[in-house]
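Here the structure is laid out as structure tokens; the discussion comes afterwards.
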Amino acid sequence: MSDPAIATPAPSQGLDVADTARRLKAIFIGSVGNLVEWYDFYAYTAFALYFAPKFFPSHDPVVVQLNAATLFAAGFIVRPIGGWLFGHIADRYGRRLSLTVSVLMMCFGSLIIALTPTYETIGFAAPVLLALARIIEGLSLGGEYGASATYLTEIAHPDHRGFYSSFQYVTLIGGQLTAILVLLLLQNVFLTHEQLVDWGWRIPFVIGAMLAVTAMFMRRHMHETEAFAEASKTKKKESSLRGLLKYPREVAIVVGLTAGGTAAFYTFTTYMQTFVKQTVGLTDITTTYVIAGSLIFASILQPLYGMLSDRIGRKPLLIFFGVAGTLLTVPILTTLAQTKSPWVAFLLISGAWLFVAGYTSINAVVKAELFPTSIRATGVAVPYALTVSIFGGTAPAIALFFKQQGHEQWFYYYLSGVIFISLLVYSTMRDTKHQTAMDRHE
């Protein structure tokens, strides 16, 4: 049923070459910065198998990884604060400024990890400094998601928002893939296993800090969006959170549609590296190849699903993810836990991506299309970051907790249940492609 408060998209006007070039350049710069941010964040996960014992000494490898995963989750706890802070900056002072500051903050987080002495050297202060770095990175990412989702959606042509905004997750996954590529090069080309364990794990964080500085300078020259320029003509006196309270239904939708998708995403990205190594029993290098291959496949799916959503709408893809995720998560993870073949592991994880991409490819544009311009970045960032901190960042820790208790399969049902809850939201929400708030600038 149509909501009269939501503007319908204007008819397409056709694209001229100069306009297309401008949009593509802006999307490229925004996407590259997003890739750098997520590379920095995921380098922690990719190299945790090497540096975790340096900060959390224990004779039980599961306990070591559980401690590292708990600290990974800690970076998510502060993401709602980052979402509010950078969402406010983006809505009040511009998307460009928010994106530039957020990537600079990520640089500081990476440098702290790269330079922090180990537990053997400074004792308990080592994991404390590591936690501080993760908090800084969590604040940065809390703002990055909302600002970049808003920017990519606003800068795109109305007929291709699904396609262009899908590059947020192409670069998000690309960030993790880049971290894994660095890991492969260090494992197979530049360092021995002993060197990697001893000091080589610091290298990717140095690289991340350098890339973040480069991305910051690139973002300083980004074009601001026309939507923000229009909204800026109206002076806003209320705070961003007060403004957000005017949209309780939209906030609830963001929370509901994110819960299952973020839990699935972090399961089949972040947790998979640990799962494939410890549960499936593959070697470090084989695990890296399997995860890298599945991420390449996932990256290819994002723009394809984004284009599909521009033709058939957002809602069908979300429902596809919800139904398939609810029914197939337990069988896929159960079979994966029982296999010893890297090829079977790759096919199973890639099979999961066939439905997970139904969420990841379009979730950014769906959230952006829910809110008017003046509150869009905050509306996307805050409820999303809050939900991710509860269901996404905790997924590896919950899975490892169940594993430590001897009931690893309980996590499979937990994940399936969370996806089912989101399915209920998908089935009742409006299709934001056809009923969008993108043209509302109040």
Side-chain angles (χ1 to χ4, degrees), residues 145 149 153 161-163 165-170 172-173 176 250 252-272 294-336 347-370 380 383-384 387-388 390-395 399 411-434:
Y145 178 88
T153 305
R161 286 194 185 113
F163 172 70
S165 64
S166 71
F167 282 91
Q168 185 187 41
Y169 263 76
V170 171
L172 192 156
I173 295 171
Q176 185 170 7
E250 286 76 8
I253 289 174
V254 171
V255 171
L257 74 89
T258 301
T262 190
F265 174 77
Y266 284 102
T267 295
F268 291 105
T269 55
T270 302
Y271 180 57
M272 270 302 101
S294 67
L295 288 176
I296 292 173
F297 180 72
S299 298
I300 294 171
L301 291 178
Q302 305 307 308
L304 297 178
Y305 280 41
M307 284 191 293
L308 183 61
S309 78
D310 286 327
R311 296 182 64 87
I312 68 173
R314 324 297 186 205
K315 189 170 180 176
L317 289 178
L318 291 173
I319 290 178
F320 166 65
F321 160 67
V323 172
T326 300
L327 297 177
L328 298 179
T329 294
V330 174
I332 285 176
L333 290 177
T334 300
T335 306
L336 182 59
L347 291 174
L348 287 169
I349 298 171
S350 297
W353 272 109
L354 288 174
F355 59 81
V356 175
Y359 163 82
T360 56
S361 61
I362 62 169
N363 81 96
V365 69
V366 170
K367 291 161 190 168
E369 288 173 337
L370 285 169
V380 172
Y384 168 81
T387 310
V388 170
I390 297 172
F391 295 100
T394 59
F411 176 73
Y412 313 163
Y413 291 95
Y414 163 80
L415 177 57
S416 180
V418 175
I419 294 174
F420 176 74
I421 292 173
S422 286
L423 174 59
L424 299 179
V425 176
Y426 304 150
S427 62
T428 56
M429 65 181 287
R430 66 176 181 264
D431 192 321
T432 58
K433 171 178 167 53
H434 305 299

Quick one, [X] and [Y] - any side-chain contact, counting heavy atoms below 4.5 Å?
X      : Y      : answer
Thr258 : Asn363 : no
Pro303 : Val170 : yes
Arg161 : Ile362 : no
Asp431 : Pro316 : yes
Thr428 : Leu424 : no
Val254 : Thr387 : no
Tyr359 : Leu257 : yes

N/O donor-acceptor pair under 3.5 Å between Gln302 side chain and Ala298 backbone: yes

Short side-chain to backbone donor-acceptor contact, Ser166 and Gly306, under 3.5 Å: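 Not at all, since once roles are kept as given, no pair shorter than 3.5 Å links the two residues.
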
Return the [atom1] to [atom2] distance between [X] and [Y], rounded to the nearest 0.5 Å.
X      : Y      : atom1 : atom2 : answer
Ile312 : Tyr305 : CD1   : OH    : 10.5 Å
Leu333 : Phe268 : CG    : CZ    : 4.5 Å
Met429 : Lys315 : CE    : NZ    : 7.5 Å
Tyr426 : Leu317 : OH    : CG    : 11.0 Å
Leu348 : Leu328 : CG    : CG    : 11.0 Å
Ile332 : Ile349 : CD1   : CD1   : 10.0 Å

Which atoms form the tightest heavy-atom contact between [X] and [Y], and what is the distance?
X      : Y      : value
Ala263 : Ala395 : O-CB, 4.2 Å
Ala364 : Gln168 : CB-OE1, 3.0 Å
Ile419 : Ala264 : CD1-CB, 4.1 Å
Thr360 : Ala357 : OG1-CA, 3.2 Å
Val330 : Ser416 : CG2-CB, 4.1 Å
Leu295 : Ile173 : O-CG2, 3.5 Å

Worked check of side-chain hydrogen bond (donor to acceptor under 3.5 Å, both in side chains) between Ser309 and Arg314: CA-CA 5 Å; Ser309 78; Arg314 324 297 186 205; 2.9 Å; yes

Side chain to side chain contact (heavy atoms under 4.5 Å, CB included), paired with Thr329, selected from Phe355, Tyr414, Phe420, Tyr413: Phe355

Results of side chain to side chain donor-acceptor pair (under 3.5 Å) for Tyr271 - residues two or more places apart only: Glu408

Worked verdict on Leu354 versus Leu301 for side-chain contact (heavy atoms from CB on, under 4.5 Å): CA-CA 8 Å; Leu354 288 174; Leu301 291 178; 4.2 Å; yes

Any residue meeting ring-ring contact (aromatic ring centres under 6.0 Å, His included) with Phe163, in chain and number order, not counting sequence neighbours: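 Partners of Phe163 under the ring-ring contact (aromatic ring centres under 6.0 Å, His included) test: Phe167.
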
Whether Phe265 and Trp353 hold their rings parallel, tilted or perpendicular, with breakpoints at 30° and 60°: perpendicular

